[in-house]
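One structure is given below, encoded as structure tokens.
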Amino acid sequence: MEKARLRLAPSPTGFLHIGNLRTALHGYLLAKSKKGLAEGQGKFILRIEDTDEKREVEGAVEGLIKVLDWAGIKFDEGPGIGGEFGPYVQTQRLDTYDFYAKKLLAENSAYRCFCTPERLQEMREKQSDMKLPPRYDRLCRNLNVEQIKENMDQGKPYVVRQMMPLEGEVIVNDILRGEIKFNASDLDDQVLVKSNGVPTYHFASVVDDHLMEITHVTRGDEWLPSFPKNVLLYQAFGWEVPKFIHLALILNKSGGKLSKRQGDVFVEDFRAKGYLPEAIINFCALMGWHDKTDKELFTMDELLESFSLDGMGASPAIFDLDKLDYLNGYYLRRKSVSELAVLIRPFLTENLVQAHFSLQTPAYLEAVAATVQERLKKLSDVVDMTRFYFIDKLAFPKEMLAWKTMTSQQAIINLQELKTILEQISIDDWRTAKLEESIMAWLKTNDKKVGEYLWPLRVALTGEKYSPGPFEVMGVMGKENSLKRVDQAIA
RNA sequence: GGCCCCUUCGUCUAAUGGUUAGGACAGCGGCUUUUCAAGCCGUUAACAGGGGUUCAAUUCCCCUAGGGGCUACCA
């Protein structure tokens with residue numbers, strides 16, 4: 001059996017982007033799925049890439065771990081979890097990077113660069129004026145020992161740069177795309193260690209992936225351009241190159257980069273709106289992966305059975321909110337009523353604030369939940385959908401009571417008729433099924449038009465054009481409150 | 001500009017050197033029906049373009065176009 005150790009290596013710069021969750025999920029499943037890389041025996045590791053203190057956001061690591069856990073992605077090793085390859089936070093591994101940077105320097109695979117940011121800036125401007133690709137001009141690449149010593153003695157700050165081959169081809173292999181060729185002459189002498197002594201992503205991730213024995217690197221394909229540089233670095237160390245799987249980006253509706261501007265992009269946003277982890281996971285799995293059968297509805301457990309490398313593709317996917325909504329509605333409908341009641345509770349505070357205490361019981365919430373379950377796309381929809389259940393007096397124009405071509409006067413007359421019937425129904429019989437039975441029977445025997453009675457009744461009860469049916473609503477609200485609404489509509 | 005990646009219905013995606021190019025979401029129509037949903041049934045809709053290779057190309061190759069990414073002492 002193939003060994004598989006994969007990692008998620010986020011930088012703690014804020015919330016978790018939905019695209020990163022997709023990357024995380026695919027990596028996780030490759031490690032853990034029965035049809036994955038290692039028959040479900042792979043390891044999934046969390047490593048925090050916090051080498052850019054400028055972009056770091058307070059509390060982001062905790063947030064990341066929390067939301068990943070919510071989504072159902074578990075780690076075998078990582079900060080707070082442990083493991084034999086720790087620490088799993090890069091700023092706690094600075095000595096390690098220092099050691100390997102010195103090694104590279106000693107072996108002449110890297111060099112110190114004393115160029116100031118100002119000089120680099122100027123250089124790039126000149127290059128782009130001359131329509132040349134902006135690239136380090138390698139001024140410091142050929143500094144002799146004395147010059148280096150002199151600069152160091154003067155305490156000049158320096159970065160460590162990777163020494164790229166001057167000519168030839170670098171051929172790399174991506175699992176999803178096969179061979180990719182780069183000209184060595186197109187490769188910049190990448191910065192490995194910044195002047196503050198902290199490594200760049202490029203350097204730290206290669207060192208860590210090797211030391212942590214990562215076998216397969218999954219990452220976004222925005223890293224494809226640095227792939228040859230990574231490979232060269234492995235070769236400079238004499239290390240085996242792990243397999244690379246570059247996942248295509250997730251794009252917005254117009255095909256551009258999915259960004260905050262166009263709406264929700266963070267998993268936390270979706271969670272706050274009431275999307276279920278089941279839906280998000282199913283949705284993310286399907287972007288860039290497809291089962292060999294036509295099956296599309298997958299729980300995490302099912303993905304753990306079916307997800308495989310050969311179902312993965314390399315083309316970018318556009319984020320389709322409609323499909324996410326569908327999936328979320330689907331999983332919402334599959335919840336038990338009591339589960340749903342618990343889920344909607346946090347969204348209902350606005351409604352409950354104005355409600356009589358008798359309307360705040362778990363039992364009432366469950367009854368309410370049952371009537372809106374099949375209508376919800378996301379949990380936050382529950383607010384508007386159930387408002388009428390919690391308020392004392394409805395406000396709606398009388399004309400709304402009229403069904404199709406009937407007048408509101410006629411609607412009120414019909415309501416009065418219904419009222420007498422309803423009053424005769426005992427509290428014990430005041431249940432949705434029984435109410436429906438009685439009213440429908442009455443309508444039939446008296447040869448009444450169903451719509452001319454049920455529409456006004458429903459509007460009287462809910463004050464809404466669209467809502468659950470009158471029998472369901474009366475079943476939830478009880479006799480007293482239901483009749484009160486009918487009276488209010490008649491008055 | 002340079003380098004790299006990608007290209008099947010609007011969207012996510014199957015399949016195949018010879019198919020009526022399949023499924024799902026969305027759309028549309030119908031059934032059901034007091035409304036909205038849900039459900040069921042049906043239906044519109046795609047191989048980016050041009051060259052090759054071949055008896056045959058959506059499938060293999062090349063070019064073009066389009067889209068995207070990278071081009072920092074950010075990841």
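Lettering of chains follows the sequences in order, A, B, ..., and the numbering in each one begins at 1. Predicted, not measured: the structure shown is a model, and the values here were computed from it.
- Among the heavy atoms of the strands lying under 4.0 Å from A/Lys181 are primed sugar atoms or P, OP1, OP2 only; no base atom is included.
- Among the protein residues, A/Gly329 comes within range of no part of the nucleic acid, since none of its heavy atoms lies under 4.0 Å from any strand.
- In this structure, A/Glu296 places its CD atom 15 Å from P of B/rG22, rounding to the nearest Å.
- Between the CD atom of A/Gln162 and the P atom of B/rA72 there is a distance of 15 Å, rounded to whole Å.
- Of the listed residues (A/Arg161, A/Arg138, A/Arg112, A/Arg135), just one forms a salt bridge (Lys or Arg N to Asp or Glu O under 4.0 Å) with A/Asp189, and that residue is A/Arg138.
- Along RNA chain B, the nucleotide closest to A/Leu120 and the one closest to A/Gly311 are compared, and the more 5′ of them pairs with A/Gly311.
- Across all strands shown, B/rC55 forms a Watson-Crick or G-U wobble pair with B/rG18, both key distances being under 3.5 Å.
- Using a 4.0 Å heavy-atom criterion, one finds that A/Pro470 contacts the bases of the nucleic acid, with or without backbone contacts as well.
- Checking B/rU7 for Watson-Crick or G-U wobble geometry (two distances, each under 3.5 Å) identifies B/rA65 as its partner.
- Look at the C1' atom in both B/rC9 and B/rU58: the space between them is 14 Å, to the nearest Å.
- The structure places CG of A/Leu120 at 6.0 Å from SG of A/Cys113, a figure rounded to the nearest 0.5 Å.
- Heavy atoms of A/Cys284 sit nowhere under 4.0 angstrom from any nucleic acid atom.
- If you check B/rC3, B/rA75, B/rG23 against the side chain of A/Asp294, the one that comes closest is B/rG23.
- If you take CD1 of A/Ile175 and P of B/rC5, they are 16 Å apart, rounded to a whole angstrom.
- Spacing of P atoms, B/rA21 relative to B/rG27, comes out at 27 Å, to the nearest Å.
- Contacts of A/Phe182 with the nucleic acid, taken as non-hydrogen atoms under 4.0 Å apart, involve only primed sugar atoms and P, OP1 or OP2.
- Following rounding to the nearest Å, A/Ile250 (CD1) and B/rC6 (C1') show an atom-to-atom distance of 15 Å.
- When distances are taken from the side chain of A/His290 to each of B/rG69, B/rU35, B/rG23, the shortest belongs to B/rG23.
- One atom, CG of A/Leu64, and another, P of B/rA75, lie 16 Å apart when rounded to the nearest Å.
- Comparing the C1' positions of B/rG42 and B/rA65 gives a spacing of 38 Å, expressed to the nearest Å.
- In this structure, B/rG42 and B/rC28 make a Watson-Crick or G-U wobble pair, each of the two defining distances being under 3.5 angstrom.
- When distances are taken from the side chain of A/Lys377 to each of B/rA38, B/rC12, B/rU7, the shortest belongs to B/rA38.
- We find the OG1-CD1 distance between A/Thr407 and A/Ile413 to be 7.0 Å, quoted to the nearest 0.5 Å.
- OP1 or OP2 of B/rA75 sits under 4.0 Å from a side-chain N or O of A/Lys194.
- Between the side chains of A/Thr386 and A/Asn351, a donor-acceptor pair is found at a separation under 3.5 Å.
- Comparing A/Arg458 and A/Asn183 along RNA chain B, the residue whose closest nucleotide (by nearest heavy atom) sits nearer the 5' end is A/Asn183.
- For B/rC36, its base sits under 3.5 Å from the side chain of A/Arg375 at one donor and acceptor pair at least.
- The side chain of A/Thr200 approaches B/rA75 more closely than any other nucleotide in the set B/rC12, B/rA75, B/rG68.
- The side chain of A/Arg161 approaches B/rC73 more closely than any other nucleotide in the set B/rC6, B/rU34, B/rC73.
- Across all strands shown, A/Trp223 has heavy atoms under 4.0 Å from base atoms, whether or not it also approaches the sugar-phosphate.
- The side chain of A/Tyr201 contributes no N or O atom lying less than 4.0 Å from OP1 or OP2 of B/rA75.
- Other residues, nucleotides and ligands place more than 12 heavy atoms under 6.0 Å from the NZ atom of A/Lys448.
- At the phosphate of B/rC73, neither OP1 nor OP2 sits under 4.0 Å from any side-chain N or O atom of A/Arg119.
- The base of B/rC6 has none of its N or O atoms less than 3.5 Å from a complementary donor or acceptor on the side chain of A/Ser315.
- In this structure, A/Ala317 reaches the sugar-phosphate backbone alone: every heavy-atom distance under 4.0 Å involves primed, P, OP1 or OP2 atoms, never a base.
- Taking the P atom of each, B/rC60 and B/rA24 are spaced 26 Å apart, rounded to whole Å.
- A sub-4.0 Å separation between OP1 or OP2 of B/rA24 and a side-chain N or O of A/Lys295 is absent.
- Between B/rC62 and B/rG1, the two P atoms lie 23 Å apart (nearest whole Å).
- Taking side-chain N and O atoms only, A/Arg333 has a distance below 4.0 Å to OP1 or OP2 of B/rG39.
- Side chain of A/Asp322, nearest nucleotide from B/rG22, B/rC25, B/rG1: B/rC25.
- Phosphate proximity of B/rA75 to A/Thr51: present, with a side-chain N or O under 4.0 Å from OP1 or OP2.
- A/Val191 comes within 4.0 angstrom of the backbone, heavy atoms only, and of no base.
- Side-chain proximity of A/Pro134 to the nucleotides B/rU34, B/rG22, B/rU71 is greatest for B/rU71.
- Considering only side-chain N and O atoms, A/Lys229 lies nowhere under 4.0 angstrom from the phosphate OP1 or OP2 of B/rC70.
- To the nearest angstrom, C1' of B/rA26 lies 12 Å from OH of A/Tyr326.
- Counting all heavy atoms, side chain and backbone alike, A/Ala24 lies closest to A/Leu68 at CB-CD1, 4.5 Å.
- Atom P of nucleotide B/rG39 and atom CD of A/Gln373 are separated by 12 Å, given to the nearest angstrom.
- Dashed line: the shortest gap from a side-chain N or O of A/Arg135 to OP1 or OP2 of B/rU71 is not under 4.0 Å.
- Ion pairing between a basic and an acidic side chain is recognised when a charged N comes within 4.0 Å of a carboxylate O; A/Asp381 and A/Lys378 show such pairing.
- Look at the P atom in both B/rU19 and B/rA56: the space between them is 14 Å, to the nearest Å.
- The NZ-P distance, from A/Lys323 to B/rC25, rounds to 7 Å in whole Å.
- Annotation: the span from A/Leu461 atom CG to A/Gln488 atom CD amounts to 10.5 Å, rounded to 0.5 Å.
- If you take atom C1' in B/rA15 and the same atom in B/rU20, they sit 14 Å apart, rounded to whole Å.
- For A/Ser11, the side-chain atoms get nearest to B/rA75 when compared with the rest of B/rG68, B/rU34, B/rA75.
- Ring pair A/Trp223/A/Phe244: centre-to-centre distance not below 6.0 Å.
- To the nearest whole angstrom, the two P atoms, one in B/rU7 and one in B/rA14, are 10 Å apart.
- Here the side chain of A/Arg55 is nearest to one of B/rA75, B/rG69, B/rC6, namely B/rA75.
- Taking a cutoff of 4.0 Å between a charged side-chain nitrogen and a carboxylate oxygen, A/Asp174 and A/Arg177 qualify as a salt bridge.
- Of the nucleotides present, none pairs with B/rA72 by Watson-Crick or G-U wobble criteria with both distances under 3.5 Å.
- Residue A/Glu49 places its side chain closer to B/rA75 than to any other of B/rC73, B/rC25, B/rA75.
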